[in-house]
Each structure stands twice: as structure tokens, then as C-alpha cells.
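Presented below is the structure to which this report refers.
Quick caveat: nothing in here was measured; it's all calculated off a predicted structure.
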Amino acid sequence: MSNLKIAYDPIYAHPLPEGHRFPMLKYELIPAQLLHEGLIEESNLFSPGVPDEEEILWTHDKSYWEHLRDLTLPPREQRRTGFPLSAKLIEREIRIAKGTIDGCNYAKQFGIAFNVAGGTHHAGTNWGEGFCLLNDQAIAANYLLNNNLASSILIIDLDVHQGNGTAQIFENNPKVFTFSMHGANNFPFRKERSDLDIPLPDGVEDDKYMQLLKKTLPSLIGQQQPDFIFYLSGVDVLATDKLGKMALSNAACKERDRFVFEQCIRNKIPVQVSMGGGYSPNIKDIVDAHCNTYRVANELYF
Ligand SMILES: [Zn+2]
């Protein structure tokens, strides 16, 4: 068995009412596929517990968190999240956050660790939005900083949507550098300012995308010298994605992941990976592209 550690719990896939439009199925299909092809064994998966409230409050406003916890978020704010609030949904969210926190410790030990869910980058200090209630990688970044486990953090957000929540949370924190490469004309329509934003026009194809990434990431790492990296590996950049507006092939999406990991390895920087979005109509496209991220990591690290 390799030391590829992956946060997963059945609750990741099941808290929404029947017929809800948010696609939950991928959360059980990704580990199922990885098990099926023998890339991982059950023992690679770990079921996260829940974080301490204090760990949530290092990132989110007390009153926002209490409204979530007590299911008292005003209807308007609730609608903005895209989810019907329930105790089970909140449990799912906090366990995802804890999965990312635990993943940081595994990443420090083994170089890399995953969360099958997470990448909830639209959640800001005091708001939830776009299927994101709590910002898992922001919570984990503050966990690292407050426990002196990292001193300079880089968040690489390559989901097709801007990491607006992450950008807002760290806007005044010089210890966390936020980098988001995303569709200029995509949600969220009112963007926040990341430390580095690369907004892309609709229809971006493989070559242009990879050129930009290759031009940007190595120098960014050289300049920031992070001692921990978070990677948000959304696969809504695929041409098949119904929300993404980009035109990346499955192969380019895999090459993207490989390039990010190669930079982490070359610079000896641990990386925690959260999955983010993926909305191709054929679930196979989503699952295959997400599984590629694990396949590449397994090949490079273990
Ligand atoms: Zn997305």
C-alpha cells in the first residue's frame, strides 16, 4: 500500500435531498474507480472527524458560523449557497474541512495528500456561495499558520471559477499568496482580488492554457518561496463541462496536474489537493479527469 492519503467519507456524497441539482455522485465514484483499478486500497482512504470550532473561527466570522451551525442562516443568504441547509449538510462541510486539515499533516509527512471533496473556494469570511459554505483550504491554511506548521503558503486555484472567497479571506494576510487562473466571464460575476489573478477568455484551448501556466507558476514559486502549497484541481476546465466555457482536453487537464506536482516536487514543497468543480454531462468525463489527478500523483510520488 502506498502512502497516498485521501480524505473520504460516505457523507460526502449523500446529504442532499433527492433530485437536488448539485452533482454528488462523483464523490463516491472517484474512490470507487481508484479502488476498482487497484490504484488504492481501502486503507488509503481516511474518514475525517470534525474540526474544533476554534479552527473554523480562525477563518470564518463567528456569527456566520453560528447561523450555519444552528441552521438559522437568513433565507436570502441560504439561497446564495445553492444548498438547502440541514444538520447533515453542515456535518458534511465541517468533515470536509477537517479532511483538508488532516491532509496537510499527511502532506507534510508524505509530500502530498488529497481530499475527494473540498475546494470550496467561493465561501468567504462571512458568506457562503456557489455550493460552498466553509472554505476548506482557507481553514487548513490558517490551521497551519496558527500551529506554526507553515509560514508562507501558496494557494494554486485552477478551478474554472475564481477563488473569490479565498481571495477575500487572505486579502490582508501576507503569509498566504492566492493565485487563481479562471474564466473571466464565468461565475462569480463580481470577483475579488487574488494576489495574482489570470482571467482567461472563453474557449481557451490546451496550448494557450499550458503556456500561461508554465510561464507563471515556476517564477511565482521562486518569488514567494512557499513552504506549503494548496492545489485546487477543478476539472470544470474541460471542453465537455457544461458550466466551464473553456476548451481543455482531458489530456491537457492531466498535463496541468502533472506540471503542478512536478513544481511541488522540484521545490520540495508539500501539497494538499482538493477536488473542486466538475460539471460535464457525462459523469465518466468528470470521474476520469479527477482520477487522473490521483494517477499522476501516484506515478510521481509513490
Ligand atoms: Zn468551479
Side-chain angles (χ1 to χ4, degrees), residues 2 4 6-42 44-45 82-83 92 96 99 112-121 130-132 157-161 181-183 186-187 200 202-207 209-210 213 231-261 273-302:
S2 76
L4 184 62
I6 304 169
Y8 170 72
D9 187 273
I11 199 174
Y12 280 18
H14 289 298
L16 290 183
E18 198 74 31
H20 192 272
R21 72 192 178 95
F22 186 76
M24 305 302 278
L25 193 57
K26 74 173 185 180
Y27 299 107
E28 59 188 1
L29 290 180
I30 293 167
Q33 175 62 32
L34 296 174
L35 287 165
H36 174 74
E37 66 191 55
L39 191 97
I40 62 166
E41 297 169 18
E42 289 284 352
N44 291 99
L45 303 169
F83 281 144
R92 172 183 191 266
I96 289 171
I112 192 166
F114 282 84
N115 198 333
V116 167
T120 39
H121 58 168
F131 308 122
C132 305
D157 187 338
L158 300 184
D159 189 276
V160 86
H161 302 103
M181 192 154 103
H182 52 262
N186 216 318
F187 178 92
L200 300 173
D202 294 353
V204 167
E205 293 179 347
D206 297 357
D207 289 355
Y209 186 94
M210 284 308 301
L213 186 63
Y231 177 37
L232 208 173
S233 61
V235 301
D236 41 15
V237 291
L238 290 176
T240 50
D241 198 90
K242 65 179 185 226
L243 303 179
K245 300 182 183 175
M246 281 193 200
L248 260 63
S249 66
N250 191 25
C253 193
K254 187 176 186 181
E255 195 192 339
R256 173 197 76 168
D257 296 340
R258 178 183 298 277
F259 185 73
V260 171
F261 295 153
V273 189
S274 290
M275 297 288 91
Y279 313 97
S280 296
N282 186 345
I283 189 102
K284 184 177 176 298
D285 294 329
I286 301 174
V287 172
D288 191 43
H290 278 308
C291 285
N292 276 340
T293 314
Y294 296 83
R295 293 173 187 133
V296 170
N298 192 56
E299 188 189 318
L300 294 177
Y301 283 88
F302 303 109

Next on the checklist: Tell me if the CG atom of D207 is crowded by more than 12 foreign heavy atoms within 6.0 Å.
Outcome noted: no
Checklist entry - Looking at D285, N250, D236, T240, which hits side chain to side chain donor-acceptor pair (under 3.5 Å) with S280? => result T240
Checklist entry - Are V273 and M275 side-chain neighbours, meaning at least one heavy-atom pair lies under 4.5 Å? => result yes
Checklist entry - For E299, does the CD atom sit with more than 12 other heavy atoms under 6.0 Å from it, leaving out its own atoms? => result yes
Checklist outcome for this item: Closest non-hydrogen contact found for S233 with Y231 is CB-CE2, 3.5 Å
Checklist entry - Which residue pairs pass the ring pair (Phe, Tyr, Trp, His ring centres under 6.0 Å) test when at least one of the two sits in residues 235-260, sequence neighbours left out? => result none
Next on the checklist: Less than 4.5 Å apart, side chain to side chain, heavy atoms only: is that true for R92 and M24?
Outcome noted: yes
Next on the checklist: What I'd like to find out is whether the side chain of V296 reaches to under 4.5 Å of the side chain of K254, using heavy atoms alone.
Outcome noted: yes
Checklist outcome for this item: Heavy-atom nearest pair, I112 first then A297, reads CD1-CB, 3.8 Å
Item to check | Gap between atom CE of M181 and atom CG of L213 - 0.5 Å precision | outcome: 5.0 Å
Item to check | Straight-line distance of L29 CG to I286 CD1, nearest 0.5 Å | outcome: 9.5 Å
Next on the checklist: Donor-acceptor pair, distance only, cut-off 3.5 Å: does the side chain of R256 make one with the backbone of Y209?
Outcome noted: no
Which donor-acceptor pairs under 3.5 Å do the side chains of residues 34-42 make with protein atoms, sequence neighbours left out?
from : atom 1 : to   : atom 2 : distance (Å)
E37  : OE1    : Q33  : NE2    : 2.7
E37  : OE1    : R295 : NH2    : 2.9
E37  : OE2    : R295 : NE     : 2.8

Checklist entry - Taking it one step at a time, do R258 and L300 satisfy side-chain contact (heavy atoms from CB on, under 4.5 Å)? => result CA-CA 8 Å; R258 178 183 298 277; L300 294 177; 3.9 Å; yes
Checklist entry - Would a 4.5 Å heavy-atom cut-off, applied to side chains only, mark M246 and D241 as touching? => result no
Next on the checklist: For a quick test of reading the model, state the closest non-hydrogen atom pair linking A289 to V235 and the distance between them.
Outcome noted: CB-CG1, 3.7 Å
Item to check | Short side-chain to backbone donor-acceptor contact, N298 and L4, under 3.5 Å | outcome: no
Item to check | Distance-minimising heavy-atom pair for N115 and G99 | outcome: ND2-C, 3.6 Å
Item to check | Validation row: E28, L25 side chains within 4.5 angstrom (heavy atoms) | outcome: yes
Checklist entry - Shortest non-hydrogen contact from A117 to I96? => result CB-CD1, 3.6 Å
Checklist entry - Just by distance, with hydrogens left out, do D257 and T293 show a side-chain donor and acceptor under 3.5 Å apart? => result yes
Checklist entry - Taking side chain as C-beta onward, heavy atoms only, is I6 less than 4.5 Å from I30? => result no
Next on the checklist: Does any part of the side chain of H14, heavy atoms only, come nearer than 4.5 Å to the side chain of Y27, both counted from C-beta?
Outcome noted: no
Checklist entry - Hey, does Y8 have a side-chain heavy atom less than 4.5 Å from the side chain of N44? => result no
Checklist entry - Which pair of non-hydrogen atoms, one from G119 and one from S274, has the smallest distance, and what is that distance? => result N-CB, 3.2 Å
Checklist entry - Which of parallel (below 30°), tilted (30 to 60°) and perpendicular (above 60°) describes F187 and H161? => result perpendicular
Next on the checklist: I'd like to check the side-chain contact (heavy atoms from CB on, under 4.5 Å) partners of D206; sequence neighbours left out, ordered by chain and number.
Outcome noted: L248, S249, A252
